[in-house]
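Everything on this sheet refers to the single structure shown next.
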Amino acid sequence: MFFMDIFHSSILFFYHITEKRKKNRKFVIFKFIYKKYFTMRQTQFFIPTLKELPNEAKIPSHQLMLRAGLVRGLAAGVFSFLPLGYRVIKKIMTILREEIDAIGGQEFLLPALNPIEIWEQTNRVEAMGDVLFHIKNRDGLVLAPTHEEIITYHAKQHIQSYRDMPQIWYQIQTKFRNEPRPKSGVLRGRQFIMKDAYSLDNSWEGLDLAYQKHYDAYVKIFNRCGIKFFVVGASSGAMGGKQSQEFMVESNSGEDVCAISENYAANLEVATSNVPPVSRIDKNPEIEEFATPNAKTIDDLVEQFAIPEERCAKSVLYMVDDKPWLILMRGNDELNETKLQAVAGTTNIRYIAPEELKELTGAEHGSIGPVNIPKNIKVVADLLLKNANGMVSGANKDGFHLKNIDLARDAKIDNYFDLRTVKEGELCIETGKPLRVVKAIELGHIFKLGTRYSQALEANFLDADGKTNPIIMGSYGIGVERIMACYIEQNFDDKGIIWNNTLAPFSVHLLGLNSHKSEEVAQACEEIYNKLNTENIETLFDDRAETAGVKFNDADLLGLPVQVIVGQKNLKENNIEIKVRRTDERFIIKLDELITWLKKFFDNK
RNA sequence: CGGGGCGUGGCGCAGUCCGGCUAGCGCAUCUGUUUUGGGAGCAGAGGGUCGUAGGUUCGAAUCCUAUCGCCCCGACCA
């Protein structure tokens with residue numbers, strides 16, 4: 001039996017003694033035949049399973065990745081992948097390679113050590129701040145948090161003509177980000193593997209095409225992985241760029257919030273809904289001041305003065321690039337800061353401090369309003385308030401409000417924008433059905449970058465007219481560990497992980513019950529084991545001297561798709577048992593039907 | 001960075017408030033023996049400077065000070 005292992009594990013070689021050799025011993029031809037190793041004995045494979053829940057893990061995927069011996073933590077947000085977990089990572093990488101290769105991607109291996117100068121040129125040393133790791137004992141080097149700059153640098157070196165494009169360049173590599181708060185196991189780490197692709201084009205139409213190719217590839221990738229996902233329109237944030245979409249997995253462990261319904265999904269940062277604007281009312285008397293000594297909030301006004309909530313206009317003040325803005329929102333609508341950043345064209349915004357508020361308006365929080373606001377304050381309002389009248393708002397005098405405000409008549413609104421945060425239950429702009437607001441994990445993000453990086457680094461090309469233009473770029477990322485964690489978040493039960501055959505570290509778990517005691521079982525297992533290897537079916541053989549219960553529980557925890565259970569009782573009838581992990585279905589079949597059964601099972605998957 | 005929780009054999013925890021025998025328990029490990037289809041029984045054994053440093057004290061896991069690390073909530077998040 002042991003000999004069989006040597007036989008499979010080593011490179012098999014045969015050598016022919018050629019006719020020549022018989023005549024002349026100098027010429028010997030060796031012919032090597034490599035047999036891939038498809039099987040592994042658990043006694044020789046490092047799988048440290050944990051019976052109890054590790055204290056540091058709070059979410060299911062993290063707990064199970066630790067318990068099933070896939071990963072171990074090393075520091076906050078830093079993980080080692082153990083052999084079993086790394087097998088899953090490699091399977092994910094294979095799928096990523098296949099699908100990105102299929103759209104013409106070319107894989108690079110890029111350095112993690114980057115000269116800081118390049119990052120200074122795109123102004124991202126400042127933009128990234130503490131997130132960028134700096135090397136302490138070697139000035140001028142940083143750890144790459146992503147690779148737009150490096151790709152653009154190489155493009156600048158060698159892409160000279162419009163004829164050199166389009167290009168899709170990608171990498172699957174470790175990136176480093178000094179996250180202020182790593183959490184949720186591998187979901188947010190300081191070091192993580194990312195598939196990052198970059199498209200280089202000579203036209204905006206070319207970018208659209210590259211973007212669409214990646215969109216389609218991403219759909220294929222996540223479908224192949226068996227992950228349930230949705231796509232949302234997203235804010236491109238500090239990345240800059242024209243358009244971006246995120247591939248999301250609904251999960252309570254997620255950090256993003258999305259509004260979704262049947263045909264609509266958007267990150268809450270940009271989501272809109274169908275809410276009727278505040279209507280105009282016929283009676284439109286003059287403004288009237290009234291005392292509201294005990295009303296600091298909209299709820300207070302509604303309660304104390306029986307004013308309908310939608311007739312209240314809430315004012316909040318922000319400093320936008322150090323200039324004061326008054327933002328007018330309907331009733332208890334919540335201002336969406338990302339939307340404000342988008343219309344302001346800057347991420348440099350902050351809620352105003354109380355003393356600044358007093359100085360600027362003469363009133364305190366709760367008594368601010370758009371009427372007679374000092375001219376140096378820019379006033380913007382939410383779209384729902386456009387031309388509304390009969391409104392109540394602060395009088396810019398502590399303890400007083402104004403009623404009968406006609407925003408068109410009495411206030412100078414500089415601009416109306418969509419600024420509100422969508423709420424659960426509001427109607428979808430596409431279908432008219434209620435929106436759900438859910439937490440989600442961002443698995444992938446595709447961006448139309450445009451020329452931000454090529455302009456900053458002067459990566460230009462000559463077009464057909466001989467004119468110089470910046471290369472038009474896109475950037476497309478997928479978190480490799482996140483695929484693994486998200487899959488587990490969606491596929492587990494109280495016993496453990498439930499792998500599909502695509503991502504499973506092995507396809508089959510061969511369990512020899514008391515194989516260390518029963519020569520009969522041991523022998524049958526060896527036969528099956530060797531057969532599975534010959535048939536190229538990835539198999540983990542539990543040949544440990546453990547009791548049946550231990551093997552069953554570990555098998556369920558590891559969650560390989562099919563368990564082949566060899567026990568003495570069934571063996572007497574020349575039978576073995578098969579258990580399908582996901583459904584818990586059990587089949588008793590003849591020993592010699594196994595391969596046929598497995599092939600049929602995996603083909604149908 | 002703000003708020004909270006936690007650091008005690010490999011893992012999970014008790015003990016800490018109120019200082020005092022040799023620092024306990026479960027799991028795991030090792031030896032022997034019995035058992036053998038859902039985390040076995042019995043008998044024995046090994047393994048911990050109680051995160052670290054300083055201080056108080058006759059005496060510190062326990063009290064004080066500082067510091068490091070991990071987890072959670074918030075801020076942040078290309």
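Every chain is numbered from 1 and lettered A, B, ... according to where its sequence line falls, protein lines coming before strand lines.
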Distance-only donor-acceptor test (3.5 Å): side chain [X], base [N]:
X: A:E546; N: B:rG39; answer: no
X: A:R181; N: B:rC77; answer: no
X: A:Q568; N: B:rG37; answer: no
X: A:N570; N: B:rG37; answer: yes
X: A:R586; N: B:rG38; answer: yes

Taking the basic N atoms (NZ, or NE/NH1/NH2) and the acidic carboxylate oxygens, is any pair closer than 4.0 Å for [X] and [Y]?
X: A:K323; Y: A:D321; value: no
X: A:R41; Y: A:E526; value: yes
X: A:D584; Y: A:R586; value: yes
X: A:E356; Y: A:R350; value: yes
X: A:R124; Y: A:E148; value: yes
X: A:R181; Y: A:E255; value: no

Just name whichever nucleotide pairs with [N], Watson-Crick or G-U, keeping both distances under 3.5 Å, else none.
N: B:rC1; answer: B:rG74
N: B:rG19; answer: none
N: B:rG39; answer: none
N: B:rG9; answer: none
N: B:rU65; answer: B:rA53
N: B:rC30; answer: B:rG44

Hey, does [X] reach any base, or is it just sugar-phosphate, or nothing, if we go heavy atoms under 4.0 Å?
X: A:T122; result: nothing
X: A:P145; result: nothing
X: A:L50; result: nothing
X: A:K495; result: base

Check: Under 6.0 Å from the six-membered ring centre of A:F192 and within 45° of its axis: does the NZ or CZ of A:R482 meet both?
Finding: no

[atom1] spacing across the pair [N] / [M], given as an integer number of angstrom:
N: B:rU29; M: B:rG12; atom1: C1'; result: 16 Å
N: B:rG47; M: B:rG3; atom1: C1'; result: 39 Å
N: B:rA45; M: B:rA61; atom1: P; result: 26 Å
N: B:rG24; M: B:rG15; atom1: C1'; result: 8 Å
N: B:rG69; M: B:rA53; atom1: C1'; result: 15 Å
N: B:rC50; M: B:rG37; atom1: C1'; result: 43 Å
N: B:rC21; M: B:rU67; atom1: C1'; result: 33 Å
N: B:rA28; M: B:rC17; atom1: C1'; result: 32 Å

Would you mind telling me which of [options] lies closest to the side-chain atoms of [X]?
X: A:P180; options: B:rC71, B:rA40, B:rC76; answer: B:rC76
X: A:K51; options: B:rC27, B:rC70, B:rA40; answer: B:rC27
X: A:E577; options: B:rC11, B:rG37, B:rG39; answer: B:rG37
X: A:E52; options: B:rA75, B:rG26, B:rA40; answer: B:rG26
X: A:A76; options: B:rC72, B:rA28, B:rC71; answer: B:rC71

Notebook entry, point to check: Relative to the 5' end of RNA chain B, which residue comes earlier, A:A57 or A:N514, by the nucleotide with the nearest heavy atom?
Noted result: A:N514

Notebook entry, point to check: If you pin A:K58 and A:G567 to their nearest nucleotides in RNA chain B, which one's is more 5'?
Noted result: A:G567

Can you measure [X] atom [atom1] to [N] atom [atom2] for me and round it to whole angstrom units?
X: A:R190; N: B:rC76; atom1: CZ; atom2: C1'; result: 13 Å
X: A:H445; N: B:rC77; atom1: NE2; atom2: C1'; result: 13 Å
X: A:R67; N: B:rC27; atom1: CZ; atom2: P; result: 17 Å
X: A:D554; N: B:rC27; atom1: CG; atom2: C1'; result: 14 Å
X: A:L53; N: B:rC71; atom1: CG; atom2: P; result: 16 Å
X: A:E179; N: B:rG74; atom1: CD; atom2: C1'; result: 16 Å
X: A:R188; N: B:rA75; atom1: CZ; atom2: P; result: 13 Å
X: A:F552; N: B:rU36; atom1: CZ; atom2: C1'; result: 11 Å

Does OP1 or OP2 of [N] have a side-chain N or O of [X] closer than 4.0 Å?
X: A:N55; N: B:rC71; value: no
X: A:T547; N: B:rG39; value: no
X: A:K551; N: B:rG37; value: no

Next item on the list: Measure centre to centre between the rings of A:F108 and A:Y170, then say whether the value is under 6.0 Å.
Entry: no

